Structures are given as structure tokens and as C-alpha cells.
Amino acid sequence: MKGAVVYHSKWGNCRQVAEAVAGGIAESGIAVTVLDLGSGAGLESGLSFLVLGSPTRVGKATRPARRFIRRGLGKAWLGKPFAAFGTGMADRGEKEEPKGADELDRRLYEYGLMRLLPPFKARVTGLKGPLAEGELERARQFGRDIARALKELK
Ligand SMILES: Cc1cc2nc3c(=O)[nH]c(=O)nc-3n(C[C@H](O)[C@H](O)[C@H](O)COP(=O)(O)O)c2cc1C
């Protein structure tokens, strides 16, 4: 089994979270590729799960992340497992909490993929970061949780 962690990031915070999530998955013995939506590259075919992340902008996911769902996925992804994540400045539970993750979660579900876990939200302490203390360890744990959920599907 091999899957992908796909992300968009302007200042690198969401990239760090993506890499930590991928690290948690890989450490559990599941192969994973990481794709930066800013690179212009596409996803290889034949992958069996998707983790998608984006910064939160005005309560939403960013345009490249939304476009990826519309154009970068295809029928082959229907029914496959997914998990979403996002970064944002607001604290969890606040009105402005990172909603980018929620939007990706909802859009992937509505597209027809199968939700593995509720979305993961990481907090940045300023517009350009850095990430709040402990967020990368939480992200790595999210990766481990994804791996465990994937193994339970078998
Ligand atoms: C125009 C703009 C709007 C933003 N709106 C929100 C928001 O609604 N809620 C939030 O939590 N963070 C918001 N942020 C903070 C971003 O989420 C933060 O810059 C981003 O997560 C950093 O990740 P990156 O380094 O990967 O780009 C906003 C940032 C910008 C530039």
C-alpha cells in the first residue's frame, strides 16, 4: 500500500505539518509520497489513500487545494480513504479556528472518498508562522493514527 500527503503552503508552515504527518505514516511502515501543490506536479496513479492539507484563508481552504479536489482527482479515487488537515492562526474552538481543514474534509467526503479520521488542525502563532509549540509532534501523531486506521481497514 502506498498513499500521498498533498499540501499547499505559502510560508512553509503547512509544509512542515505535511512532512510530519508523512513521517508518522512512514514510521508505521506504510509507504507515502509527499506532493507540494505549488510544484506543478501531479499525483502518480495507483495510490491507495490521500491526506490533503491547506492553510486557512478567511475561514476557507486555499484555491490550489480546492482546485486539486476538482481537477487533480478522478474516478479512481472514489471510495478510497482520506484524511484532511490544515493550519491557521486561531485557537481551536475559537470562532476563527482553522476551517481550511474542515472544508477539505467536507469536499473530499462529498467527492466520494471515505473519511478515515476527523480533520487535524495545527495552529501558527503569526500570519507567517511559526507553528505553536508541540504542533509538529501532534501532526506526527496524526500520521501514526492514519496508519493505524488504514491497517484496521484490512
Ligand atoms: C489573507 C489571509 C487570511 C487568513 N485567514 C485566516 C483565517 O480565517 N483563520 C485562521 O485561522 N488563519 C487565517 N490566516 C492565517 C493563515 O492560516 C496562515 O498564514 C497559514 O496557516 C500559514 O501557513 P503557510 O505557512 O503554510 O502558508 C490567514 C492568512 C492570510 C494571509
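First listed ligand is number 1; within each ligand, the first listed atom is number 1. Quick caveat: nothing in here was measured; it's all calculated off a predicted structure. Along the sequence shown, residues carry numbers from 1.
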State the atoms of ligand 1, each with its element, that fall below the 4.0 Å cut-off from a heavy-atom position in [X].
{"X": "C14", "value": "24 (P), 26 (O)"}
{"X": "V58", "value": "3 (C), 4 (C), 5 (N), 6 (C), 7 (C), 8 (O)"}
{"X": "K10", "value": "24 (P), 26 (O), 27 (O)"}
{"X": "G59", "value": "7 (C), 8 (O)"}
{"X": "G88", "value": "10 (C), 11 (O), 12 (N), 17 (O), 21 (O)"}
{"X": "N13", "value": "22 (C), 23 (O), 24 (P), 25 (O), 26 (O)"}
{"X": "A90", "value": "11 (O)"}

Note to self: Minimum heavy-atom separation for I30 and M1, please, with both atom names.
What the structure shows: CG2-O, 4.2 Å
Next item on the list: List the steps, then state whether side-chain contact (heavy atoms from CB on, under 4.5 Å) holds for Y7 with V34.
Entry: CA-CA 8 Å; Y7 69 92; V34 179; 3.6 Å; yes
Just by modelled atom types, is the [Y] backbone N or O under 3.5 Å from a matching donor or acceptor in the [X] side chain?
{"X": "T87", "Y": "R123", "answer": "no"}
{"X": "T125", "Y": "L131", "answer": "no"}
{"X": "K10", "Y": "P55", "answer": "no"}
{"X": "T33", "Y": "A4", "answer": "no"}

Per-pair distances, 0.1 Å, donor-acceptor, side chain in residues 62-77, under 3.5 Å, sequence neighbours excluded:
residue: T62; atom: OG1; partner: H8; partner atom: ND1; Å: 2.7
residue: T62; atom: OG1; partner: S54; partner atom: OG; Å: 3.2
residue: R66; atom: NH1; partner: A61; partner atom: O; Å: 2.7

Return a yes/no value for [X]: is any of its N or O atoms, backbone included, closer than 3.5 angstrom to an N or O of ligand 1?
{"X": "T87", "value": "yes"}
{"X": "W11", "value": "yes"}
{"X": "G126", "value": "no"}
{"X": "H8", "value": "no"}
{"X": "P55", "value": "no"}
{"X": "G12", "value": "yes"}

Checklist line | Within-shell test, G129 vs ligand 1, heavy atom, strictly < 4.0 Å | finding: no
Check: Which distance, rounded to the nearest 0.5 Å, do you find between the CG of N13 and the CD of Q16?
Finding: 6.0 Å
Checklist line | Residues R144 and Q141: side-chain donor-acceptor under 3.5 angstrom | finding: yes
